[in-house]
Amino acid sequence: MIRWIKIFDKNIQDILDAVNSHQSYWRDALPMIASENITSPLARCMLITDLSHRYAEGKVGHRFYQGCRYIDEIESKTIELSKELFKAEYVNVQPISGVNANISAFFALSKPGDKILSLKVSDGGHISHAKYSAAGLRGLKVYNHPFDNERMNIDEEKMVDTILKVRPRIILFGASLFLFPHPVKEAVEAAREVGADIIYDAAHVLGLIAGGKFQDPLREGADIMTASTHKTFPGPQGGIIFCKKKYANEIDLAVFPGTVSNHHLHHLAALAITTAEMINFGKEYAEQVVNNAKYIAKDLYNRGFDVLCKKHGFTESHQVVIDISSIFSGKDAATKLEDAGIVVNANLLPKDVNSNVDDVSGIRIGVQELTRLGMREKEMKMVAEFIERVLLLGEKPSILKEEVTEMKKKYQNVFYCFDFGKDNAYSFDLFKLKI
Ligand code: DSN
């Protein structure tokens, strides 16, 4: 809390009030946006250090600024830890976001006019895989993976035919709506035949990969793996690229000076801390995330929700997807849940291919952050019951919110990291550290 600061400027007071309200809002809510997470207290402390003020363009040992001796130490350590955790031949830790990592990989591997095979946004693809974002910005011609709506996954056989027919320069895997591992192994032979490289966008599932609970793209045949560092991987907001050694030079140039000048150095220190924590606790964390997702999916299904992919076990990731369109639009459902303090997002489903983005059928639920806050199957049941009471039983969200807030009081600490004392998740007190 920062109320103790005596402020005389109204603008500053307004900002502090909004930050305070934001802190309280999330302290009381159930955070279930699948692309978010909460950093460990120690990682968070790194974000307010002097590192956030500095420049370090270039690489370790070859900077374009003075003053970088300790930054070199931090960056080397971040690279070393990332290589260890993901068993990667080469890592670039400088991208400042997942889209930045993707666009760097596209620049490294392709030229304008080349073809890319990626998932359609309504089938779960990320915007940066599409013509109106990074792929299009690089001038790539976008072709889409054939998708099996029933399995919510790429159709492997049709994919191989498409690769042989389209002859793309880049085959891109990974998604934002991501329930099951993608057929990377199945693409390798066709990719080699047409001279395509394989990129795997691991943004959503990086923390699960780190914990050995999803697929292992680099071993399955991906040449490059891009990611953001703040979804199931519970680090600071930013990006990262892993690759085989033979792509290292192109990747480095595409990041700097290609698409980043100064990388974010406070992010680097926080990423190093998170990576060290994931080396220690990642397996246990990833396992509980997937267990929680499977549990809440089944529970919601038993309460009457149209949870996708029952026949396939609902999910193998941190996500659960509900087609809510027989009762509400996705947006209305997400708004009602938000009014009750349960934060999820409305999501396009494959059947929404021609719909307006504001008129979508699905809601996407992520359990990774609740897991970090110490929730397990017992708590998933309580959360599923809240969701049922709002969306199926028509209880008033504003009244239910009081119960949600009461429940959340017991989950104010971040787990799967080094202990930092009580009530650490939403408190500013830890910033009293001498740093
Ligand atoms: N659009 C984000 C998501 O929520 O999946 C990823 O950048």
Side-chain angles (χ1 to χ4, degrees), residues 26 29-39 95-106 118-137 142 145 147 152-153 172-182 199-209 214 225-241 259-260 264 267 271 289 293 308 315-322 324 330-331 333-335 337-338 342-350 352 355-358 360-372:
W26 286 99
L30 294 172
M32 301 185 81
I33 301 277
S35 51
E36 297 179 348
N37 213 323
I38 187 164
T39 50
I96 57 168
S97 72
V99 172
N100 182 197
N102 279 344
I103 202 159
S104 302
F106 298 162
S118 62
L119 265 186
K120 213 181 285 164
V121 171
S122 54
D123 291 341
H126 186 250
I127 41 165
S128 61
H129 306 175
K131 68 176 177 207
Y132 34 79
S133 178
L137 208 59
V142 179
H145 281 294
F147 197 70
M152 285 299 285
N153 207 339
L172 181 61
F173 291 104
S176 286
L177 194 67
F178 204 175
L179 296 172
F180 301 103
H182 279 170
I199 304 178
Y200 185 102
D201 181 342
H204 264 275
V205 291
L206 192 69
L208 305 182
I209 293 171
F214 205 63
M225 180 164 85
T226 60
S228 51
T229 50
H230 51 262
K231 296 185 169 72
T232 52
F233 193 86
Q237 291 190 333
I240 190 163
I241 304 176
T259 59
V260 178
H264 295 171
H267 155 94
L271 179 61
V289 169
L308 299 194
T315 184
E316 292 293 331
S317 75
H318 59 303
Q319 296 186 8
V320 173
V321 183
I322 298 175
I324 199 74
K331 187 74 189 160
T335 305
L337 289 173
E338 184 180 16
I342 303 165
V343 193
V344 306
N345 68 288
N347 220 97
L348 283 167
L349 298 183
D352 298 321
S355 303
N356 180 307
V357 284
D358 292 322
V360 304
S361 301
I363 51 174
R364 184 185 66 168
I365 292 175
V367 297
Q368 67 294 340
E369 190 168 341
L370 295 185
T371 308
R372 288 273 285 169

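Atoms within a ligand are numbered from 1 in the order they appear, just like the ligands themselves.
Sorted by chain and number, the residues within 4.0 Å of ligand 1 by heavy atom are S35, H126, S176, H204, K231, R364.
Under the 3.5 Å distance criterion, with hydrogens and angles disregarded, no donor-acceptor pair is assigned to the side chains of D352 and S122.
Here the side chain of H145 pairs a donor or acceptor atom with the backbone of L172 at under 3.5 angstrom. H182 contributes a side-chain N or O that, together with a main-chain N or O of G174, makes up a donor-acceptor pair within less than 3.5 Å.
Ring pair F178/Y200 is tilted by interplanar angle, where 30° to 60° counts as tilted.
Here the CD1 atom belonging to I38 is positioned 10.0 Å from the CH2 atom belonging to W26, to the nearest 0.5 angstrom.
The environment of E36 atom CD is dense: over 12 non-hydrogen atoms of other residues, nucleotides or ligands sit within 6.0 angstrom.
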